[in-house]
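Quick notes on the structure that follows.
Note that the numbering runs from 1 along the sequence shown for the chain. No experiment lies behind these values; they were computed from the predicted model shown.
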Amino acid sequence: MTEILSLRPLAAVLLPAIGVLAIVALRRNPDVREGATILTALATFGIVASIVPATLSGDVYVTRLGTLVPGIELTLSADPLGMIFALVASLLWLVTSFYSIGYMRGLDEHSQTRYFAAFAGSVGAALGVSFASNLVSLYVFYELLTVATYPLVAHDESETAREAGRKYLTYTFGGGVAVLAGAVLVFWTTGTVAFTPGGIAALASADPVIARAAFALLAGGFGVKAALMPVHSWLPDAMVAPTPVSGLLHAVAVVKSGVFGVARVVLDVFGPETISELGVGLPLAAVAALTILVASVIALRQDNLKRRLAYSTISQLSYIVLGLGILSPTSLVGGLLHIPAHAFMKLTLFFCAGAIHVETHTDNISEMAGIGRRMPVTMAAFAVASLGMAGLPLVAGFVSKWYLLIGSIDSGTAVFAGVLFLSGLLNIGYFWPIVYQAFFQTADDSDAKPLVEFPLGGQRVRADGGDPVDRDEEDDGTAGGDDDQTDPADTESSAGDDQTDPNGGADPDTGLDAGALIDTTPTEGTVEPDIDPSEGESQVELEAKVEGEYAVDRHPSDHRRDERGDDDPAPADAVPDTEHHADGTDDGHSHHGGAPASGWEARGFGAETTWFMLGPITVAAAGAVALGIAPRAMVFLAVIQRVVFEVTGVAV
């Protein structure tokens, strides 16, 4: 490996920072501002891509910036492992920039300048994480990434968004403290924190107790952003952010910085041999396997599409950690290859979820029956990415999971192969129903999905949003009895009857009286929800009635704002919302999400949403397929094989 002094790594990190200044300066001209975003993203990707030939030939571009602290230099190094993350971040930032224009303008979001500036800053920090040459430099950029992404998580400025932002900061800064403590231990033990392929030699002869403590701190600290259980809960809560931000969190920067940090620790700080001698690889793999399965089961129970995708991300990220924990050369290839594979697939899924939301204001899976007629290309891309997430051939997920399966068997840990197989089935379980009902069902003949009805770890949840209050077997005139008992005036008293509520009329989860929950009398200053109380109303719907609004209206970024402001209640005489299309027309139906009364309108290619969103969806899905068919031609596999060869000396 030959080091070449160059400013390219520094340029890749500084260009997004310059882009932040340009975006802020051009805030009064949105078209030029977005043009600056695109040009900055394009230039950044160009710089990163220009480093690839040197990486494949064994050369490393290095930028030396001086001494950070005594004994530790601030150096940016474009080594093969860093190039994996840098290519993913820079390429998908370019794609997401186009998508963000369509999404933010489609919803007429507020504070768009702040949004684009924070997005550019986040990618710049992610590239700093990629090219950091030692643990301390990595820590600095790792924390800068947290700071840069906070405005995106809290973009709504609602109390829910602020709470999610506070939780995000608490978890990730806590993880950062653990990373810093681990780096201090490594430096105290070895006198260096520089990344070395195969690990720092002095750690092999260090006190095993101290070495294990350092590994636990580093892996645990990076594991927070990698969303390893039990430090994962910040990620689903962060779904209150705009959908392109969710893509950034899940596919491009934040969570990938976590698994990338774990990869640095395993490959360039401790090394596979030292980790094997310390016996810490198997516990890491076990935590990853547990996260894979538990998160997949929880995903089955989510009706909100973005939350289901969030738990899917938690599961899929642990594939990467699992490959690193198994330690065999083949599993290392599979784990690292899943970084770009998951990025393309998950970004496609989030792009699709965002387009569905912008065009139809629909976020719940139970309301998407037949939506394939309305958005055929979007749902086709969703289907392709779903196949890849399940590990089926011809999509990126198949190749990475194949390497993981072979690696787990070769290393004598076939139990992890069983985990991967079971996880694939669970992926089919929570993705296939979405695709099936989108193309092969209508709102009239769709059935509840998912079918996880038992209280596994919490309240029973159905695809219609929660546990229904009414039950078909109750025919004594109380809530949920015969269809004849449909008078709204009688609903409150009947639901509060002690004979129908074993909890004495109080909901065990909310503490609200059951009678209050299903009071359908509209209050002054609110719009009466358009829900027939005789139908099976879910807990989520009933709680929304108590607050005098639909649950979908409590998260502005996930739902269209109106001119009265974010938090102002609708006046009593407000006109019901209608479904707005990309061309500015509407269909005249009252619509708060889900199919309009007349059913989904069939749309042809290109007519389902704007090309600012449809184009990136198509590109991301095509990338997932290309990576599944020709992974070496997509460069990533070739770079990863070089990484593994430098670390293990084995050509895979």
Do we see a donor-acceptor contact under 3.5 Å between the side chains of [X] and [Y]?
X: Thr413; Y: Ser411; result: yes
X: Thr243; Y: Tyr99; result: no
X: Ser296; Y: Ser315; result: yes

Is there a side-chain contact (heavy atoms from CB on, under 4.5 Å) between Arg307 and Leu235 once you walk through the steps? CA-CA 9 Å; Arg307 287 189 67 87; Leu235 190 54; over 6 Å; no

Which heavy atom of [X] sits nearest a heavy atom of [Y], and at what distance?
X: Leu145; Y: Ala253; value: CD2-O, 4.2 Å
X: Ile84; Y: Val643; value: CD1-CG2, 4.1 Å
X: Ala226; Y: Val259; value: CB-CG1, 3.7 Å
X: Ile51; Y: Ala78; value: CG2-CB, 3.8 Å
X: Gly176; Y: Tyr139; value: O-CE1, 3.2 Å
X: Ala341; Y: Ser400; value: CB-OG, 4.1 Å

Quick one: does [X]'s side chain get under 4.5 Å of [Y]'s, heavy atoms only?
X: Asp268; Y: Val647; result: yes
X: Tyr168; Y: Thr146; result: yes
X: Val333; Y: Leu637; result: yes
X: Tyr171; Y: Ser233; result: yes
X: Leu203; Y: Val269; result: yes
X: Met379; Y: Ile356; result: yes
X: Thr189; Y: Ile200; result: no
X: Leu420; Y: Leu322; result: yes

Could you state the interatomic distance from [atom1] ([X]) to [atom2] ([Y]), rounded to the nearest 0.5 Å?
X: Thr313; Y: His342; atom1: OG1; atom2: NE2; value: 4.0 Å
X: Ile409; Y: Leu404; atom1: CD1; atom2: CG; value: 11.0 Å
X: Leu387; Y: Phe382; atom1: CG; atom2: CZ; value: 10.5 Å
X: Arg632; Y: Ile640; atom1: CZ; atom2: CD1; value: 11.0 Å
X: Leu627; Y: Leu394; atom1: CG; atom2: CG; value: 12.5 Å
X: Tyr403; Y: Leu336; atom1: OH; atom2: CG; value: 12.0 Å

Only one of Val129, Val265, Ile320 clears side-chain contact (heavy atoms from CB on, under 4.5 Å) with Phe260; which?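 Answer to the side-chain contact (heavy atoms from CB on, under 4.5 Å) test with Phe260 among Val129, Val265, Ile320: Val129.
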
Determine the sole option in Thr291, Ile314, Leu317 for which the side-chain contact (heavy atoms from CB on, under 4.5 Å) test with Leu228 is passed.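 When Thr291, Ile314, Leu317 are each tested with Leu228, the side-chain contact (heavy atoms from CB on, under 4.5 Å) holds only for Thr291.
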
Ignoring hydrogens and angles, tell me if any N or O in the side chain of [X] forms a donor-acceptor pair with the backbone of [Y] under 3.5 Å.
X: Arg8; Y: Ser50; value: yes
X: Thr63; Y: Ser6; value: yes
X: Thr618; Y: Leu614; value: yes
X: Lys401; Y: Met389; value: yes
X: Arg642; Y: Pro80; value: no
X: Ser130; Y: Ala126; value: yes
X: Lys225; Y: Tyr142; value: yes
X: Thr348; Y: Phe344; value: yes
X: Trp93; Y: Ser122; value: no
X: Glu3; Y: Ser77; value: no

Using a cut-off of 6.0 Å, state whether more than 12 heavy atoms not belonging to Phe173 lie near its atom CZ.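 Counting other residues, nucleotides and ligands, CZ of Phe173 exceeds 12 neighbours.
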
Is Phe398 atom CZ crowded by more than 12 heavy atoms from other residues, nucleotides or ligands, each under 6.0 Å away?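 Check passes, neighbour count above 12.
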
side-chain contact (heavy atoms from CB on, under 4.5 Å), that's the test. Do Arg308 and Ile434 meet it? Break it down for me. CA-CA 11 Å; Arg308 183 173 296 193; Ile434 303 173; 3.9 Å; yes

Would Gln437 and Ile371 count as a side-chain contact (heavy atoms from CB on, under 4.5 Å) here? Give the steps. CA-CA 8 Å; Gln437 73 171 6; Ile371 200 171; over 6 Å; no

Check the pair Thr274, Phe215 against side-chain contact (heavy atoms from CB on, under 4.5 Å), reporting the backbone distance first and the verdict last. CA-CA 11 Å; Thr274 301; Phe215 180 84; over 6 Å; no

